[in-house]
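Because the structure is predicted, anything quoted here is derived from the model rather than measured.
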Amino acid sequence: GESWQISDWGGAQDWLEIDPSSGTGNKTLTFRAKTTNPSYTDNHRIATIKVTFGGNFEKPITVTQNQKTAPTLPSNVTLGYRSGVSTTGYLTSVADSWEVIDINWQGATSEWFTLSPKNAAANSSRQPISFTTTEENPNYSSREATVTVRFGSDYTKTFTVKQNKKPTPISVSGGTG
């Protein structure tokens with residue numbers, strides 16, 4: 001059989017492994033990603049590998065690595081107006097560990113809820129996060145806080161936590177007579 005070898009890695013040596021990378025005759029090549037695609041936002045990593053046969057015939061092979069699976073954040077986290085009210089939201093991060101790095105209380109005079117856990121390792125299943133109010137909402141309007149979560153070393157996303165408004169008191173006026 002004719003000898004062949006990978007003659008051009010198309011810039012993929014740092015993230016792609018091909019076994020074997022040279023040989024004689026028919027072979028099954030195994031392509032394996034050495035690293036995860038670091039991006040959530042770019043569509044894929046693409047490399048065109050060139051295989052040279054017998055020193056004179058070149059065959060290109062295009063290899064594509066998909067982007068990381070984007071994390072999902074809790075949505076519609078709404079808590080009742082009283083203290084001690086709890087709800088559960090779900091976060092999924094398949095590719096990276098995550099941690100809460102900031103809560104913007106948006107003008108509130110105190111931190112009015114807790115959440116737990118505040119970090120976890122990457123996991124393919126939904127991670128429950130418990131939210132609990134620590135005080136009654138003193139306002140006759142709802143209030144919100146923005147939670148910022150970092151995934152891996154540099155990717156951040158935010159979600160909103162809302163606490164319902166304090167009920168408006170009912171005034172009753174009595175008549176005379």
Side-chain angles (χ1 to χ4, degrees), residues 1-79 86-106 111 113-132 144-162:
E2 191 172 26
S3 67
W4 57 269
Q5 67 179 14
I6 306 293
S7 56
D8 183 351
W9 282 81
Q13 299 93 321
D14 59 337
W15 61 270
L16 183 64
E17 186 176 275
I18 304 172
D19 185 38
S21 60
S22 63
T24 304
N26 292 338
K27 297 281 186 208
T28 297
L29 300 181
T30 302
F31 294 79
R32 185 180 73 79
K34 294 193 280 188
T35 62
T36 301
N37 183 342
S39 178
Y40 286 110
T41 54
D42 294 340
N43 289 339
H44 340 285
R45 279 203 282 207
I46 298 173
T48 301
I49 310 301
K50 292 183 181 149
V51 182
T52 303
F53 296 88
N56 57 11
F57 175 72
E58 206 171 70
K59 169 80 173 153
I61 300 170
T62 300
V63 179
T64 303
Q65 183 183 30
N66 290 338
Q67 68 196 41
K68 285 196 269 190
T69 301
T72 59
L73 294 171
S75 61
N76 301 319
V77 178
T78 301
L79 295 158
S86 293
T87 192
T88 301
Y90 294 91
L91 182 149
T92 305
S93 180
V94 173
D96 285 314
S97 61
W98 62 270
E99 71 174 315
V100 172
I101 58 168
D102 183 57
I103 300 176
N104 178 342
W105 298 99
Q106 299 186 13
E111 299 179 0
F113 71 89
T114 60
L115 63 92
S116 179
K118 290 186 177 181
N119 58 66
N123 190 328
S124 60
S125 60
R126 295 184 331 155
Q127 168 78 49
I129 300 174
S130 176
F131 299 85
T132 304
E144 294 183 348
T146 304
V147 179
T148 303
V149 181
R150 180 175 55 219
F151 298 88
S153 60
D154 62 355
Y155 183 70
T156 60
K157 285 186 84 170
T158 61
F159 67 93
T160 301
V161 177
K162 177 181 171 183

Margin query: For the OG1 atom of Thr72 and the CD atom of Gln127, what is their distance to the nearest 0.5 Å?
Written below: 11.0 Å
Notebook entry, point to check: Which value, rounded to the nearest 0.5 Å, describes the distance between Ser93 atom OG and Arg126 atom CZ?
Noted result: 15.0 Å
Notebook entry, point to check: So, are Arg32 and Glu17 salt-bridged, with charged N and O less than 4.0 Å apart?
Noted result: yes
Item checked: Qualifying residues under side-chain contact (heavy atoms from CB on, under 4.5 Å), relative to Ser116, sequence neighbours excluded -> none
Margin query: Working to the nearest 0.5 angstrom, can you tell me the gap between Asp8 CG and Ile49 CD1?
Written below: 7.5 Å
Notebook entry, point to check: Is there a side-chain contact between Asn119 and Val100 (heavy atoms, below 4.5 Å)?
Noted result: no
Check: Considering only heavy atoms from C-beta outward, does the side chain of Ile129 approach that of Pro74 to under 4.5 Å?
Finding: yes
Checklist line | Gap between atom NZ of Lys59 and atom OG of Ser7 - 0.5 Å precision | finding: 13.0 Å
Checklist line | Check against side chain to side chain contact (heavy atoms under 4.5 Å, CB included), Val147 and Leu115 | finding: CA-CA 10 Å; Val147 179; Leu115 63 92; 4.3 Å; yes
Next item on the list: List the atom of Pro128, the atom of Thr88, and the distance in Å for their closest heavy-atom pair.
Entry: CB-CG2, 3.8 Å
Check: Would Thr146 and Gln106 satisfy side chain to side chain donor-acceptor pair (under 3.5 Å), going step by step from the backbone distance to the final call?
Finding: CA-CA 8 Å; Thr146 304; Gln106 299 186 13; 2.5 Å; yes
Next item on the list: Report the distance from atom OG1 of Thr52 to atom CD of Glu58, rounding to the nearest 0.5 Å.
Entry: 4.5 Å
Next item on the list: First locate atom OG1 of Thr148, then atom NZ of Lys157, and finally report the distance between them rounded to the nearest 0.5 Å.
Entry: 12.5 Å
Notebook entry, point to check: Looking at Gly152 and Asp96, what are the two nearest heavy atoms and their distance?
Noted result: N-CB, 3.3 Å
Notebook entry, point to check: Between Pro38 and Lys68, what is the shortest heavy-atom contact and its length?
Noted result: O-CE, 3.2 Å
Notebook entry, point to check: Do you know the tightest heavy-atom contact between Ala95 and Tyr40?
Noted result: CB-OH, 4.1 Å
Item checked: Audit row: Glu99, Arg150, salt bridge (charged side-chain N to carboxylate O under 4.0 Å, His left out) steps and yes/no -> CA-CA 5 Å; Glu99 71 174 315; Arg150 180 175 55 219; 2.4 Å; yes
Item checked: Heavy-atom pair with the smallest gap, counting every atom of Ala33 and Gln65 -> CB-NE2, 3.4 Å
Checklist line | Any donor-acceptor N/O pair, Trp15 side chain to Asn37 backbone, under 3.5 Å | finding: no
Check: ring-ring contact (aromatic ring centres under 6.0 Å, His included) with Phe151: which residues, sequence neighbours excluded?
Finding: none
Checklist line | Asp19 side chain near Phe31 side chain, heavy-atom distance below 4.5 Å | finding: no
Check: Can Val149 and Leu73 be said to form a side chain to side chain contact (heavy atoms under 4.5 Å, CB included), step by step?
Finding: CA-CA 9 Å; Val149 181; Leu73 294 171; 4.3 Å; yes
Checklist line | side chain to side chain donor-acceptor pair (under 3.5 Å) assessment of Ser125 paired with Asn123 | finding: CA-CA 6 Å; Ser125 60; Asn123 190 328; 2.9 Å; yes
Check: Is Asp14 salt-bridged to Lys34, cutoff N-O under 4.0 Å?
Finding: no
Item checked: Nearest heavy atoms of Ile103 and Ala145, plus distance in Å -> CG2-CB, 4.1 Å
Next item on the list: Evaluate the ring planes of Phe159 and Phe131, with Trp represented by its six-membered ring, and classify them as parallel (under 30°), tilted (30 to 60°) or perpendicular (over 60°).
Entry: perpendicular
Next item on the list: Take Thr36 and Arg45 through the side chain to side chain donor-acceptor pair (under 3.5 Å) test and state the conclusion after the steps.
Entry: CA-CA 10 Å; Thr36 301; Arg45 279 203 282 207; over 6 Å; no
Notebook entry, point to check: Where do Tyr155 and Trp98 land on the ring-ring contact (aromatic ring centres under 6.0 Å, His included) test, with the steps shown first?
Noted result: CA-CA 9 Å; Tyr155 183 70; Trp98 62 270; over 10 Å; no
Margin query: The criterion is side-chain contact (heavy atoms from CB on, under 4.5 Å); which residues satisfy it with Ser130, sequence neighbours excluded?
Written below: Thr132
Next item on the list: Please lay out, stage by stage, how Val77 and Thr87 fare under the test side chain to side chain contact (heavy atoms under 4.5 Å, CB included).
Entry: CA-CA 7 Å; Val77 178; Thr87 192; 4.0 Å; yes
Notebook entry, point to check: Quick one: does Glu2's side chain have a donor or acceptor within less than 3.5 Å of a partner on Asn26's backbone?
Noted result: no
